[in-house]
Amino acid sequence: MENTQLVIAEKPSVARAISQVLEAGAKRDGYWEGRGSPVATSKCQGHLEAPTEPTGETDWLVSWCVGHLVELAPADAYDPRYSKWNYNDLPIIPHPWQYRVLPDTQKQFDILRCLMGRDDVDTVVCATDAGREGELIFRLVYDLCGCTKPIKRLWISSMEEPAICRGFDNLLDSASYDNLYAAALCRAKADWLVGINATRLFTTLYKGKTLNVGRVLTPTLALLVEREAAIAGFQKEKFYTVELKLNGLTAVSERFSSKTAAERLRKACLGTSATVTVVDRKERTERPPALYDLTTLQREANRLLGYTAQQTLDYLQSLYEKRLATYPRTDSRYLTDDMEETARTLAPIAARICGVQPAGSVTAAQVCDSGKVTDHHALIPTRNAAGAELDSLPTGEREILRLVALGLVRAVSSPYQYAETVVTAECGGHRFTARGRTVRGIGWRAYAAPPKCPVLPELAEGQRLEGGDAALKVGTTAPPAHFNEDTLLAAMERTGAEDMPDDAAHKGLGTPATRAATIEKLVRSGFVVREGRQLIPTQKGIDLIRVMPDQLKSAKLTAEWEERLGAVERGELPPDAFMNGIVDMVRGLVQTYAGVSVASAALSQSGRAVIGKCPRCGKNVVEGQKSFFCEGYYDKPPCGFALWKNDRFFTGKHKELTKKIAASLLKNGCVALTGLFSEKKGVFYDATVVLDDDGGKFVRYKVEFDKEKGHEDGQ
């Protein structure tokens, strides 16, 4: 054979789809084989936007990687002594890096190595997922096989036949993606360095407790711990409103903190007429929601069906392998421009799947925008779903497929249009407000519960409304809600995104493909438990966050990494420069804890230098990045004692709250300071600062002077 090209996809199902387009229909052990041309075959010619001259038939071999066939080697591959965890062996910095083939995929790796080594294969086509991870998967296999044959890159965002055809008609030079591979490898090595060294560091410090630490895992746990602290420290407050019922109109006053004041208003309004002062009518248009990406689908499935993020991903993966839904691990909510006809064709199929009437008019163009598609387009059902026996599917798969289909039906529907009216009336010297709406066009809301809002009577400014009933209503401020998987996924997607560059490949904590696994690992490691649908950090998880340095529990680490990885990807930063920064960070982290000995009793000790004793609860006070805080700060109930470094008392006096000052305040209750600045008089003076803690939310201070000198602060 001559001119044989080997195509390597990421998964068997993708390889099968590509082989069908290439007419490589002969199934072999671990690959497909056949002869054809993607631009000359009859099935593809009709999809091309412009006539293409046939290039002659090609012999094709189409195989796959089954995800990550090759991974970075574990620590003990570099030295057998690393099989035991010892602080003195840290940091572990591989040089050179080693790789290994996963045991359960060794057979497929051997098949790929044989295929790459065939004499008739002159070109290898990388057809793994179009993104950073897909590039890494292919290159690691290619390099470990010792292959040196030319590489072409298939870069597509859709598995539709027209997109595959165009992709093969425009195969790209793999060298154009060298920087993408470099960034992917840097990310993998950096995660290895932080995960291996930080996990071993804190596990050895705390004498045998396996404390998993990770760039995404630890900040995610910090979100949960911070939320629980906010809930524990929340103080409920009652508030009161007055509700008027006037000629079919229900209007509500502003909130009162005083029941007496609210009751006074109620009595003043009882049986008294009100005057309409403002009638504000506005026409509103609410566009349909975009199609689902993985994260929005996981959130919706958790909210509506109670499925965990991992369950949703598993059901979706199974549907993908059955060719009933598109690729699951996507962060895009749009289709590519070439899929407009696909969306139009699929809309009635999707309506049948979810058991609703198809929309009267379909606007497919509004879901197509290639500029908003990254590695993969949004989630939609496939044409094969039209003939699927839905009742034969497992319940979870059936419900997820219906949800995906409903997402398409809504997205191609017309907008929801309504008139919103806000009425303001005055009674008893106070303003009362009522809101209502009138639906002009139901649009996509026909497939979702429309907001509940009353229809208001026709009113005019200056109109008097005869007095009716006035009722006192009591409400209570609510604490922040516990995280569930819906809200935690949203927080992971949002956290730190503002610190990331606009062109970052993924924003927030983790990626759509990894967030579910992160949540499951937190539960599996004993840091988080599920209570119904709520996710609650355990004491072990709370204690872990307490002892973590700020750099490891802050989402800013991910933001900094993404910014620098983006520079590597664009060729603006050498990979070695990125890796040197990671190595320096890891070395510094390990050195910070040199000589620190932590009792094996529990994680309740912080591992930080003790500044003094807490005057409220007697526990140790230790130094954090922003404060000197009590180790019982996050207890239930929380101690809440902290000396904040940016406290207005010290900054206003041009003084830094140092470790030495904090220690004296804790030991003696006061500290003599010189050079305090008076903002009122613009002069400096000497005085004694006294810790004046009354147990409130913030610690207070006061200044005392030597009576003989007769100074005054003037604050």
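Counting non-hydrogen atoms of neighbouring residues, nucleotides and ligands closer than 6.0 angstrom, the CD atom of Q357 reaches no more than 12 such neighbours. Shown here is R431, whose CZ atom has no more than 12 heavy atoms of other residues, nucleotides or ligands within 6.0 Å. Few gaps surround CD on E283; more than 12 heavy atoms of other groups in view lie less than 6.0 Å from it.
Taking the ring axis of Y418 as reference, the NZ or CZ atom of R440 does not stay both within 45° of it and closer than 6.0 Å to the ring centre. Taking the ring axis of F649 as reference, the NZ or CZ atom of K653 stays within 45° of it and closer than 6.0 Å to the ring centre. Annotation: cation-pi geometry satisfied between R445 and Y416 (NZ/CZ under 6.0 angstrom from ring centroid, within 45° of ring axis). A cation-pi geometry, defined here as NZ or CZ lying under 6.0 Å from the six-membered ring centre and within 45° of its normal, holds between K372 and Y334. A cation-pi geometry, defined here as NZ or CZ lying under 6.0 Å from the six-membered ring centre and within 45° of its normal, does not hold between R616 and F641. Seen from the ring of F628, K645 counts as a face-on cation partner, given the 6.0 Å and 45° thresholds. Taking the ring axis of F483 as reference, the NZ or CZ atom of R227 stays within 45° of it and closer than 6.0 Å to the ring centre.
Annotation: side chain of V523 is in contact with side chain of V528 (closest heavy-atom distance under 4.5 Å). Between Y292 and R410, the closest side-chain pair of non-hydrogen atoms falls below 4.5 Å. Residues W644 and V699 fail the side-chain proximity criterion, which asks for heavy atoms closer than 4.5 Å. Between L297 and L379, some side-chain heavy-atom pair lies under the 4.5 Å cut-off. Side-chain contact between I661 and L665: present, with at least one pair of heavy atoms (C-beta onward) separated by less than 4.5 Å. For the pair L691/Y701, a side-chain contact is recorded, criterion being any heavy-atom separation below 4.5 Å from C-beta on. When side chains are defined from C-beta on, T518 does not count as touching K521, because their heavy atoms never get closer than 4.5 Å. Looking at E466 and L246, their side chains never come closer than 4.5 Å, going by heavy atoms from C-beta outward.
Going from atom CG of N620 over to atom CD1 of I611 covers 10.0 Å, rounded to the nearest 0.5 Å. Distance check: R215 CZ to L552 CG gives 12.0 Å after rounding to the nearest 0.5 Å. In this structure, Q417 CD and T438 OG1 are separated by 13.5 Å, a value rounded to the nearest 0.5 Å. Rounding to the nearest 0.5 angstrom, the gap separating the OG1 atom in T487 from the CZ atom in R494 is 9.0 Å. Atom OG1 of T220 and atom CG of L535 lie 11.0 Å apart (nearest 0.5 Å). Within the model, atoms CZ of F432 and CG of L465 stand 12.0 Å from one another, a figure rounded to the nearest 0.5 Å.
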Determine, step by step, whether S332 and D293 satisfy the side-chain hydrogen bond (donor to acceptor under 3.5 Å, both in side chains) criterion, reporting the C-alpha distance in whole Å, the side-chain angles of both residues, the deciding distance to 0.1 Å, and the verdict.
CA-CA 5 Å; S332 300; D293 61 4; over 6 Å; no

Which is it for D469 and L244 under the side chain to side chain contact (heavy atoms under 4.5 Å, CB included) test, yes or no, and what are the steps along the way?
CA-CA 6 Å; D469 189 26; L244 293 182; over 6 Å; no

Please assess E228 against H482 for the test side-chain hydrogen bond (donor to acceptor under 3.5 Å, both in side chains), listing each intermediate value before the final yes or no.
CA-CA 7 Å; E228 290 305 304; H482 293 284; 2.7 Å; yes

Pair L522-L224, side chain to side chain contact (heavy atoms under 4.5 Å, CB included): steps then yes or no:
CA-CA 11 Å; L522 285 171; L224 289 157; 4.2 Å; yes

I would like to know whether R435 and T421 meet side-chain hydrogen bond (donor to acceptor under 3.5 Å, both in side chains); could you show each step before the answer?
CA-CA 6 Å; R435 296 177 182 273; T421 303; over 6 Å; no

As a quick check of understanding, evaluate salt bridge (Lys or Arg N to Asp or Glu O under 4.0 Å) for R700 and D694, giving each step before the final call.
CA-CA 7 Å; R700 297 179 180 275; D694 60 2; 3.7 Å; yes

Test side chain to side chain contact (heavy atoms under 4.5 Å, CB included) applied to V252 and T433, step by step
CA-CA 5 Å; V252 181; T433 304; over 6 Å; no

Checking V412 against L408 for the side chain to side chain contact (heavy atoms under 4.5 Å, CB included) test, could you report, in this order, the C-alpha distance in whole Å, the side-chain angles of both residues, the deciding distance, and whether it holds?
CA-CA 6 Å; V412 299; L408 176 59; 3.9 Å; yes

Evaluate the salt bridge (Lys or Arg N to Asp or Glu O under 4.0 Å) criterion for residues E226 and K553: first the C-alpha distance (whole Å), next the side-chain angles of each, then the deciding distance (0.1 Å), finally the verdict.
CA-CA 11 Å; E226 289 166 4; K553 61 186 178 185; over 6 Å; no

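Y447 and S413 make their closest contact through CE1-OG, 3.4 Å (heavy atoms, listed as atom of the first residue, atom of the second, distance). Annotation for A471 and R266: closest pair C-CD, 4.0 Å, computed over non-hydrogen atoms.
Considering I519, N484, L294 as possible partners of L489, the one that fulfils the side-chain contact (heavy atoms from CB on, under 4.5 Å) test is I519.
With salt bridges taken as basic N to acidic carboxylate O contacts below 4.0 Å, none links K540 and D543. Using a cut-off of 4.0 Å between Lys/Arg side-chain N and Asp/Glu carboxylate O, E485 and R530 are scored as salt-bridged. Salt-bridge check for R284 with E420: passed, with a basic side-chain N closer than 4.0 Å to an acidic carboxylate O. Between K613 and E631, none of the side-chain N atoms (NZ, or NE/NH1/NH2) sits under 4.0 Å from a carboxylate O, so this pair counts as no salt bridge. No salt bridge links R255 with E237; every basic N to acidic carboxylate O contact stays at or beyond 4.0 Å.
Aromatic ring pairs are classed by plane angle as parallel below 30°, tilted from 30° to 60° and perpendicular above 60°; the pair F677 and H654 is parallel.
Remark: side-chain polar atoms of T514 are paired, donor with acceptor, to backbone N or O of T511 under 3.5 angstrom. Within the 3.5 Å criterion, the main-chain N or O of T260 finds a donor-acceptor partner in the side chain of S258. Side-chain atoms of E243 do not come within 3.5 Å of backbone N or O of L472 as any donor-acceptor pair.
Residues passing the ring pair (Phe, Tyr, Trp, His ring centres under 6.0 Å) test with F256, sequence neighbours excluded: H430.
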